[in-house]
Amino acid sequence: MPVNQNSSRGRPFDADGSITRKKIIDSARECFAKQGYGSATNKMIAESAGVTASAIYNYFPAKKDIFLAVFQEGESYMADKYEQSICQIDSPLAALCQLLECNLEIYRNRPDLPPFFGHIQSEISRYPELVEAMANRESKISPIFSRLVKAAQQQGEFNQRLPAENIEAMILSAILGLALFGLHTDSASHHRNIEAFKLLLQGALH
């Protein structure tokens with residue numbers, strides 16, 4: 001009789017579970033984006049991923065752990081895309097403008113990312129378990145903007161009298177706002193909004 005090398009009860013049969021884990025994360029991201037953390041259930045996520053609800057617990061002890069995994073995967077994806085898009089650009093200001101263009105590509109490929117990230121803070125404020133889950137996370141997005149803002153100040157592209165963290169916060173807030181606004185407008189209008197913000201960063205909005 002053949003030996004079943006994957007004898008763990010309920011464990012999906014794929015090398016190390018990475019395929020099934022990714023399916024769960026992808027499905028959860030879509031469910032969280034559409035339904036919100038409170039309304040999205042493990043059963044809903046499991047059905048979308050094509051697994052049983054009980055199988056989810058082989059990968060994530062609780063729904064908050066799924067939420068954290070979705071956040072980490074989304075940030076890693078965006079950070080990698082950002083770095084790739086600016087690796088050949090010397091001007092920090094031009095790189096920041098390029099990140100706005102990169103967002104357009106990201107939104108086209110992963111349309112559930114903007115609503116997911118756009119509502120993270122409100123979700124955390126409503127559900128205490130998310131405060132615990134997200135407390136010690138290390139952002140992969142913020143350091144990219146921080147590095148570019150500081151470099152832009154050093155090269156005279158941004159005002160050096162303003163604290164870099166305040167400029168960074170302004171840019172990140174504006175980008176988030178553009179993302180959320182873009183959910184309710186057509187792609188042509190969204191692109192024009194981004195172009196207007198690029199002109200604002202370049203000091204050419206006059």
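Since we're looking at a predicted model, the values are computed, not measured.
- The cluster map of Ile, Leu, Val, Met, Phe, Trp and Tyr, joined by side-chain heavy atoms under 4.5 Å apart, puts Leu100 and Met170 in the same cluster.
- Val149 and Leu199 fall within a single hydrophobic cluster, where Ile, Leu, Val, Met, Phe, Trp and Tyr are joined by side-chain heavy atoms under 4.5 Å apart, directly or via other members.
- Here Glu83 pairs with Arg147 under the salt bridge (Lys or Arg N to Asp or Glu O under 4.0 Å) rule; sequence neighbours left out.
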Next on the checklist: What verdict does the salt bridge (Lys or Arg N to Asp or Glu O under 4.0 Å) test give for Arg110 and Glu73, after you've listed the backbone C-alpha separation in whole Å, the side-chain angles of each residue and the deciding distance to 0.1 Å?
Outcome noted: CA-CA 12 Å; Arg110 303 276 287 271; Glu73 189 278 337; 2.7 Å; yes
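- Applying the ring pair (Phe, Tyr, Trp, His ring centres under 6.0 Å) criterion to Phe32, with sequence neighbours excluded, gives Tyr37, Phe67.
- A search for salt bridge (Lys or Arg N to Asp or Glu O under 4.0 Å) contacts involving Lys150 returns nothing, not counting sequence neighbours.
- Residues satisfying the salt bridge (Lys or Arg N to Asp or Glu O under 4.0 Å) test with Glu101, not counting sequence neighbours, are Lys198.
- Taking 4.5 Å as the limit, every side-chain heavy atom of Ser27 sits out of range of all side-chain heavy atoms of Ile24.
- Sparse packing is recorded around NZ of Lys140, with 12 or fewer heavy atoms of other residues, nucleotides or ligands lying under 6.0 Å away.
- Other residues, nucleotides and ligands contribute at most 12 non-hydrogen atoms within 6.0 Å of the CD atom of Glu132.
- Separating the CG atom in Leu176 from the NE2 atom in His119 is a distance of 9.0 Å, to the nearest 0.5 Å.
- How far CD1 of Ile45 is from CD1 of Ile56: 5.5 Å, rounded to the nearest 0.5 Å.
- Rounding to the nearest 0.5 angstrom, the gap separating the CD1 atom in Ile86 from the CG atom in Leu96 is 7.5 Å.
- Annotation: side-chain hydrogen bond (donor to acceptor under 3.5 Å, both in side chains) contacts of Asp112 (sequence neighbours excluded): Arg29.
- Judged as a side-chain hydrogen bond (donor to acceptor under 3.5 Å, both in side chains), and not counting sequence neighbours, Arg137 has no contacts.
- Side-chain contact, Glu75 with Ser139: a donor N or O sits under 3.5 Å from an acceptor N or O.
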Next on the checklist: Between Asn103 and Met78, is the side chain to side chain contact (heavy atoms under 4.5 Å, CB included) condition met? List the steps.
Outcome noted: CA-CA 8 Å; Asn103 275 347; Met78 293 181 68; 4.2 Å; yes
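- A heavy-atom distance below 4.5 Å is not found between the side chains of Phe116 and Glu30.
- For CG of Asp90, the number of neighbouring non-hydrogen atoms (other residues, nucleotides, ligands) closer than 6.0 Å is 12 at most.
- Of all non-hydrogen atoms in Tyr107 and Ala179, the two that sit nearest each other are OH-CB, 3.0 Å.
- When all heavy atoms are compared, the tightest approach of Pro111 to Pro114 is O-CD, 3.4 Å.
- Lys81 contributes atom NZ, which lies 13.5 Å from atom CG of Leu99 (distance to the nearest 0.5 angstrom).
- Between His190 and Leu178, the shortest heavy-atom contact is CE1-O, 3.0 Å.
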Checklist entry - Under the side chain to side chain contact (heavy atoms under 4.5 Å, CB included) criterion, do Ile171 and Leu148 qualify, and how do the steps go? => result CA-CA 11 Å; Ile171 293 175; Leu148 292 175; over 6 Å; no
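- Phe117 is linked by a ring pair (Phe, Tyr, Trp, His ring centres under 6.0 Å) to Phe71, counting only residues two or more places apart in sequence or in another chain.
- Side chains of Ile25 and Phe60 form a contact here, defined as non-hydrogen atoms less than 4.5 Å apart.
- Remark: the backbone N or O of Gln72 is paired with a side-chain donor or acceptor of Ser76 at under 3.5 angstrom.
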Could you list the donor-acceptor pairs under 3.5 angstrom formed between side-chain atoms of residues 155-162 and any protein atom two or more places apart in sequence or on another chain?
{"from": "Glu157", "atom 1": "OE1", "to": "Leu93", "atom 2": "N", "distance (Å)": "2.9"}
{"from": "Glu157", "atom 1": "OE2", "to": "Ser91", "atom 2": "OG", "distance (Å)": "2.6"}
{"from": "Asn159", "atom 1": "OD1", "to": "Arg161", "atom 2": "N", "distance (Å)": "2.7"}
{"from": "Gln160", "atom 1": "NE2", "to": "Gln153", "atom 2": "O", "distance (Å)": "2.7"}

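- Listed by chain and residue number, nothing satisfies the side-chain hydrogen bond (donor to acceptor under 3.5 Å, both in side chains) test with Thr185 (two or more places apart in sequence, or in another chain).
- Placement of Tyr57 and Ile19 in two distinct hydrophobic clusters is found when ILVMFWY residues are connected by side-chain heavy-atom separations under 4.5 Å, directly or transitively.
- Closest approach of Cys97 to Gln202, counting heavy atoms only: SG-NE2, 3.5 Å.
- Counting all heavy atoms, side chain and backbone alike, Ser39 lies closest to Met44 at O-CE, 3.6 Å.
- Side-chain heavy atoms closer than 4.5 Å link hydrophobic residues (I, L, V, M, F, W, Y) into clusters, and following such links, even through other members, never connects Leu201 to Phe181.
- Interatomic distance, Ile141 CD1 to Ser146 OG, rounded to the nearest 0.5 Å: 13.0 Å.
- A 4.5 Å side-chain heavy-atom check between Ile120 and Met134 finds at least one atom pair inside the cut-off.
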Item to check | Test log, rule side chain to side chain contact (heavy atoms under 4.5 Å, CB included), inputs Tyr59 and Asp65 | outcome: CA-CA 9 Å; Tyr59 302 90; Asp65 300 302; over 6 Å; no
Item to check | Stepwise side chain to side chain contact (heavy atoms under 4.5 Å, CB included) check, Arg192 with Ser189 | outcome: CA-CA 5 Å; Arg192 288 195 295 271; Ser189 295; 3.1 Å; yes
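- Applying the ring pair (Phe, Tyr, Trp, His ring centres under 6.0 Å) test to pairs two or more places apart or on separate chains, those with a residue in residues 129-149 are Tyr82-Phe145.
- Annotation: salt bridge (Lys or Arg N to Asp or Glu O under 4.0 Å) contacts of Lys43 (sequence neighbours excluded): none.
- Taking all atoms of both residues into account, the shortest heavy-atom contact from Ile89 to Ala95 is CG2-N, 3.7 Å.
- Remark: Ser122 engages no residue in a side-chain hydrogen bond (donor to acceptor under 3.5 Å, both in side chains) (not counting sequence neighbours).
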